[in-house]
Amino acid sequence: MALAVGMRVLTRALHRPWARGLRVAPGRTGPAAGGGDGVRCFGSPRVLVEPDPAAGVAVVKMRNPPVNSFSLEFLTELLISLEKLENDKTFRGIILTSDHPGIFSAGLDLTEMCGRKPEHYMEYWKAVQEMWLRFYLSNLVVIAAINGVSPAGGCLLSLTCDYRVLANNPKYTIGLNETRLGIVAPFWFKDMMVNTVGYRTAERALQLGLLFPPAEALRVGVVDQVVPEDQVQSTARSVMAQWLAIPVCRPGVQNQGLGRAVLSPEALGEAPSCLIQPLAAPDDPWPLDASRQSAFPPRGLPACLCLQAPLFLSLVRTLVGFGVHPKSKRISS
Ligand SMILES: CCCCC/C=C\C/C=C\CCC/C=C/C(=O)SCCNC(=O)CCNC(=O)[C@H](O)C(C)(C)COP(=O)(O)OP(=O)(O)OC[C@H]1O[C@@H](n2cnc3c(N)ncnc32)[C@H](O)[C@@H]1OP(=O)(O)O
């Protein structure tokens with residue numbers, strides 16, 4: 001189905017590039033009501049934030065209809081919300097979920113990836129990688145309350161979280177299904193999956209573009225918990241309480257020898273070469289490509305430029321089919 005939808009979206013975007021932008025997220029534009037205890041929600045048209053200051057937690061709801069795909073506007077708003085919460089000492093954790101039960105996120109917006117100018121691809125790609133890094137490296141505890149289907153980029157986003165709670169609905173599949181669309185997941189998507197489920201499971205999952213239904217997702221470890229649909233939020237809350245009981249906020253980000261421990265937000269500005277090798281295990285059996293081994297970037301280059309070069313390389317490699325396990329290429333072709 002994903003393949004069919006992917007192709008349909010792509011064909012439409014190619015034929016009606018002007019139509020893009022008409023279907024913006026409707027959503028509420030003012031501060032939303034509710035939020036519990038009289039606390040006001042805030043956010044943006046595409047991202048709703050429900051703060052619970054007493055608990056030090058905010059629920060971040062993606063609301064980019066119809067499928068929470070990662071349009072540039074949506075990614076920008078999501079990152080602004082994250083940054084706001086990070087800069088507010090009231091909050092130590094966020095629960096990331098969808099405002100549209102049934103769809104967590106359809107991943108990258110396919111209309112952003114065709115029929116545009118090269119500069120747009122650069123900008124878009126940079127935003128995608130920034131979303132990944134900012135969530136992965138956030139100083140907040142991030143729990144994913146996955147209340148819908150979560151293919152490709154949607155899965156990636158949930159993999160950046162510290163813990164994933166998935167609603168037990170057989171329709172709510174999750175995985176990196178790129179090969180089924182005839183494209184190849186970038187190495188950093190793959191690395192996230194390898195880190196989460198192990199090499200062999202990730203290899204098979206990526207080659208076949210598997211979308212795991214809940215029971216299977218739990219079995220292989222793509223998610224940490226599967227609960228009845230009406231308990232996703234409450235479970236995420238109790239998990240969050242467990243995490244926040246630990247005095248060191250987001251301990252995984254601290255120095256515990258985990259992949260992300262080698263990175264810090266500061267490093268993004270000063271030593272962006274970290275960007276291209278943060279997740280590689282020393283014995284990573286996947287073929288390393290040039291950008292991951294090089295002394296990139298040259299000193300003195302502005303961070304934004306340094307960011308874009310590996311992204312561009314990654315995109316080019318993806319498009320020409322390099323940078324992945326060779327068997328994936330066979331399956332995707
Ligand atoms: C396909 C070739 C792409 C070429 C790109 C080239 C280079 C890219 C290089 C590297 C990228 C690699 C990394 C990629 C990561 C990604 O995330 S790619 C996106 C993968 N996403 C999917 O496979 C999900 C596709 N969607 C679905 O399976 C379903 O839509 C659904 C999420 C299960 C929801 O199903 P349902 O509720 O039945 O809704 P519809 O299918 O009817 O969809 C509603 C409308 O939403 C549009 N839409 C769906 N997905 C996307 C999307 N990802 N981007 C943009 N738009 C999307 C769909 O067309 C419908 O639109 P209309 O209402 O008909 O206008």
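Numbering starts at 1 and runs along the sequence shown. Every heavy atom of this structure was used, including side-chain atoms; hydrogens, water molecules and symmetry mates were not. Order of appearance sets the numbers: ligands from 1, and atoms from 1 within every ligand.
V227 and V165 make their closest contact through CG2-CG1, 3.7 Å (heavy atoms, listed as atom of the first residue, atom of the second, distance). Here the closest non-hydrogen pair linking G93 and L140 is N-CD2, 4.0 Å. For the pair T196 and G221, the tightest heavy-atom approach, listed with the atom from each and the gap, is CG2-O, 3.4 Å.
Residue contacts with ligand 1, taken as heavy atom pairs separated by less than 4.0 Å, involve L108 via backbone and side-chain atoms alike. Heavy atoms from both the backbone and the side chain of A106 come within less than 4.0 Å of ligand 1. Only the side chain of E178 comes within 4.0 Å of ligand 1, counting heavy atoms alone; its backbone N, CA, C and O stay farther away.
Ligand 1 has an N or O atom lying under 3.5 Å from an N or O atom of G153, backbone or side chain. On a distance-only criterion, L110 and ligand 1 share at least one N/O pair closer than 3.5 Å.
Side chains of F135 and L156 form no contact here, defined as non-hydrogen atoms less than 4.5 Å apart. In this structure, the side chains of I174 and F104 stay at 4.5 Å or more apart for every pair of heavy atoms.
Under the 4.0 angstrom criterion for non-hydrogen atoms, A185 is not in contact with ligand 1. A heavy-atom separation below 4.0 Å is not found between G182 and ligand 1.
Using a 4.0 Å cut-off between charged nitrogen and carboxylate oxygen, E123 and K126 do not count as a salt-bridge pair.
Listed by number with element, the atoms of ligand 1 under 4.0 angstrom from any heavy atom of M113 are 8 (C). Shown in contact with A152 at under 4.0 Å from a heavy atom are these atoms of ligand 1, numbered in order with element: 15 (C), 16 (C), 17 (O), 20 (C). The atoms of ligand 1 that sit less than 4.0 Å from any heavy atom of I103 are 34 (C), 37 (O). For ligand 1, the atoms sitting less than 4.0 Å from at least one non-hydrogen atom of W125 are 10 (C), 11 (C), numbered in the order shown with element in parentheses. When each atom of ligand 1 is checked for a heavy atom of N177 under 4.0 Å away, the hits are 23 (O). Atoms of ligand 1 found under 4.0 Å from any heavy atom of P186 (numbered from 1 in listed order, with element): 12 (C), 13 (C). Of all atoms in ligand 1, numbered sequentially from 1 with element shown, those under 4.0 Å from a heavy atom of G107 are 17 (O).
Donor-acceptor pairing under 3.5 Å is recorded for the side chains of S69 and D109. Inspection of the Q242 and Y163 side chains reveals no N or O donor paired with an N or O acceptor under 3.5 Å.
V49 pairs in a side chain to side chain contact (heavy atoms under 4.5 Å, CB included) with only one of the listed residues (L82, L85, I94), which is L85.
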